[in-house]
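Everything numeric in this text was worked out from a predicted model, so none of it was measured.
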Amino acid sequence: MQKPDLKEAQKRSKKKPKIITDFIIDENLINLGLSKKYFVKTYGCQMNEHDSEKIKAMLEKMNYQATSNMEEADVIVLNSCSIRENAHNKVFGMIGQLKKLKDKNEDLILVLCGCMAQEEIVVAKILEKYYWLDIVFGTHNINNFPNLLGQKIFAKKQQIEVFSKEGEIYEGLPIKRKFPHKAWVNIMLGCDKFCAYCIVPYTRGKQRSRKRKYILNEIKDLIANGCQEITLLGQNVNAYGKDLADNYYFADLLNDIGKLNMPRVRFMTNHPWDFNDEIIFAIQKNKNIMPHIHLPLQSGSDQVLQKMNRGYCQEEYIALYFKLKKAIPNICISTDIIVGFPTESEEDFQETLKVVNKCQFDYAFTFIYSKRVGTPAAKLEDKIPLAEKEKRLQKLNKYISSYALESNQRFKSKEVKVLVDGFSEKNKQVLTGYSEHMKRVNFYGAEELIGRIVLVKITDVKTWSLFGVLSDEWC
Ligand code: SAH
Ligand code: SF4
Ligand code: F3S
C-alpha cells in the first residue's frame, strides 16, 4: 500500500523529470476483459477528461468493452476532482451508492483515481469508511492501472497506490478520444504557481513541459486522421517551456503548431503572470489559432490577489485584457472568478465588480471559495458567512450573464464557422457545435455534417448560446 503525503507533494526541485516511453500491457493481462464491460465517470477538468481517455484506452487494450449502463459494468472507474468541496461530496455520494452494486456482485471492481486520490484525507476516509473500493491510484501512475487491475483480480486484494512526488512524463500511453474531429493535447503537466486557495499543485505535481517533438508528432498524427481542432492543455500554458532548458517557450510552440495544417488550435488555461507579447504576436500571426482566450481573473481586489498569490494586480490584469482586445480584434475573452476568499471584504468584492464592469467578459465561471486542506488559504480565518458569499455570487452572476448576452449580440445576423460536434442532448434534430469564438451554436442540419466545419447564419441570440440556419455555402 502506498498512501499520499501532502508535504511530499509540495516539494519542488530543479531535477529534470524522467520521460518514460516504454508503456506496455503485460500479455497475461490482455484478455482480462474478454466479454466484460467497463464504465468510466469523470468529475474534473479537461486534464481529467483527457486522463479518462487514457484509462478507457487501456481497458480496451485489455479487451474490456464500454457500456453506458453502470449497472452492467464489471469495472467502474471514478476519475475524481478535488478542486472544491462539492466535487468531493459528489464522488463520496457515488461511492456510497456503488456499495449496493458491490453487494449484489462481489466480482464488480470499483476504482477511484484522479486528484482526490492524491489527498491524504480522502485515502484515510476510504480505508476507514469506504472499504469496498477495490483500487485507488493517483495522477502519477495512470500507466500502472492495468497491473493494479491484474493484481486485484489475481490476488483478490485491495490495491492502494498513490505517489506524492514531482512526477514523470509518460509518452506513448494509448488514448481513446471522445471525438475524431477534436482532441485534447497535453503540452504540460502539473503546476508550480501555488495560488493560495488551490489544491492542483499538490495533486498534479511539478510543472513538466512535454518536449516539442512529442507534441508536434501527436498533432501531425491527429491531422493525418482528419482531426479539425486541437486544444493544448496545461494548468498554465503560458509558462510552457520555462522548466525546459532549451530556450523554447509557448510562443515558439504556437508558431510551430501554426505552421501545421490543423484548422483550429485552442489552448487553456492562461495565467496573466506569464502572458507575454511574443504569445500575443503568435496569436495574431497564426490564423489557425482561434480568437478565444480564457484568462482567469479570480479577484479584482489587489489585497485579495496578493493573498491569493496570483502575481498580478487589478491594473495589470486590465492592461493585459485591453492589450489583447486591441491586438486581436473581436477576440472573445472569458474568465474564472472566486467570491468569498477568506480576506474578501465588501469593498474587495466591489473591486471585482468594477473589473467585471470594465472588461465585460464574454462569459465566466464563477465559484464560491472552498477551503482545501493543505493549502495556505486554509489557514486563514474565514469570517464571511455562507449566506453573504451566496449573495455576492448571485450579484456577480447577474452582471456576468448580462454581459454574456450583450457579447453574443454582436454575432446577430452574422455568418460564423461552426465545427459540428453532434446532435443536441435536448433536441435530436438540432446540431450543436462551437464557433471560432467559442460560442455554442445550434442549428437544424443532417447527421453527415458532424465533424465538419460549416457556415451558420445567426438568427437568434441567447445568453449562453446562438441559434442559426445553415448557409448554402460550406467552408
Ligand atoms: N490552472 C487553472 C485553474 C484550474 S482550476 C488556472 O489557473 O486558471 C479552475 C478554477 O477553479 C480556478 O481558475 C479557480 O477559479 C477555481 N478554484 C480553484 N480552487 C478553488 C477553491 N479552492 N475554491 C473555489 N474555486 C477554486
Ligand atoms: Fe491552481 Fe493557480 Fe495552478 Fe491554476 S495556476 S492550477 S489556480 S495553483
Ligand atoms: Fe480537478 Fe484535478 Fe482538474 S483538482 S480541476 S481534476 S487538475
Option from Asp460, Leu466, Val461 for which side-chain contact (heavy atoms from CB on, under 4.5 Å) with Lys412 holds
Val461
NZ/NE/NH1/NH2 to OD/OE distance under 4.0 Å, Lys439 and Glu436
no
NZ/NE/NH1/NH2 to OD/OE distance under 4.0 Å, Asp382 and Lys389:
yes
For the residue pair Tyr363 and Phe365, categorise the inter-ring angle as parallel (less than 30°), tilted (30 to 60°) or perpendicular (more than 60°).
perpendicular
Is any side-chain N of the basic residue among Asp274 and Lys193 closer than 4.0 Å to the acidic one's carboxylate O?
yes
Could you work out, with ring-ring contact (aromatic ring centres under 6.0 Å, His included) as the rule, every residue matching Phe145, not counting sequence neighbours?
Phe137
Please answer whether the main-chain N or O of Thr463 pairs with a side-chain N or O of Asn408 as donor and acceptor at a distance below 3.5 Å.
yes
Any luck finding a side-chain donor-acceptor pair between Tyr248 and Asp256 under 3.5 Å?
yes
Please determine if Arg266 and Glu229 form a salt bridge, counting it only when a charged side-chain N lies under 4.0 Å from a carboxylate O.
yes
Ion pair Asp277/Lys323, N-O distance below 4.0 Å
yes
Is it true that Arg392 and Glu346 have a side-chain N and a carboxylate O under 4.0 angstrom from each other?
yes
Please determine whether a side-chain nitrogen of the Lys or Arg among Lys354 and Asp348 lies less than 4.0 Å from a carboxylate oxygen of the Asp or Glu.
no
Check this for me: does any side-chain nitrogen of one of Glu388 and Lys391 sit under 4.0 Å from a carboxylate oxygen of the other?
yes
Under-4.0 Å salt bridge between Lys41 and Glu49:
no
Partner of Asp192 by salt bridge (charged side-chain N to carboxylate O under 4.0 Å, His left out), out of Lys14, Arg12, Arg204:
Arg12
Below 4.0 angstrom, N of the basic side chain to O of the carboxylate: do Glu344 and Lys307 qualify?
no
Do NZ/NE/NH1/NH2 and the carboxylate oxygens of Glu166 and Arg208 come within less than 4.0 Å?
no
Sole candidate of Ile19, Asn186, Leu216 that passes side-chain contact (heavy atoms from CB on, under 4.5 Å) when paired with Arg210
Asn186
Is there a donor-acceptor pair under 3.5 Å between the side chain of Glu161 and the backbone N or O of Asn141?
no
Just wondering, do Tyr197 and Arg372 contact through their side chains at under 4.5 Å, heavy atoms?
no
Take Ser471 and Glu415 through the test side-chain hydrogen bond (donor to acceptor under 3.5 Å, both in side chains) and record every step on the way to the result.
CA-CA 8 Å; Ser471 291; Glu415 278 181 330; 2.7 Å; yes
Taking the side chain as every heavy atom from C-beta outward, state whether Glu53 and Pro174 have any atom pair closer than 4.5 Å.
no
Without swapping roles, check the side chain of Ser82 against the backbone of Cys115 for a donor-acceptor pair under 3.5 Å.
yes
Between Arg410 and Asp362, is the closest basic N to carboxylate O distance under 4.0 Å?
yes
Worked check of side chain to side chain contact (heavy atoms under 4.5 Å, CB included) between Tyr321 and Val355
CA-CA 10 Å; Tyr321 182 93; Val355 180; over 6 Å; no
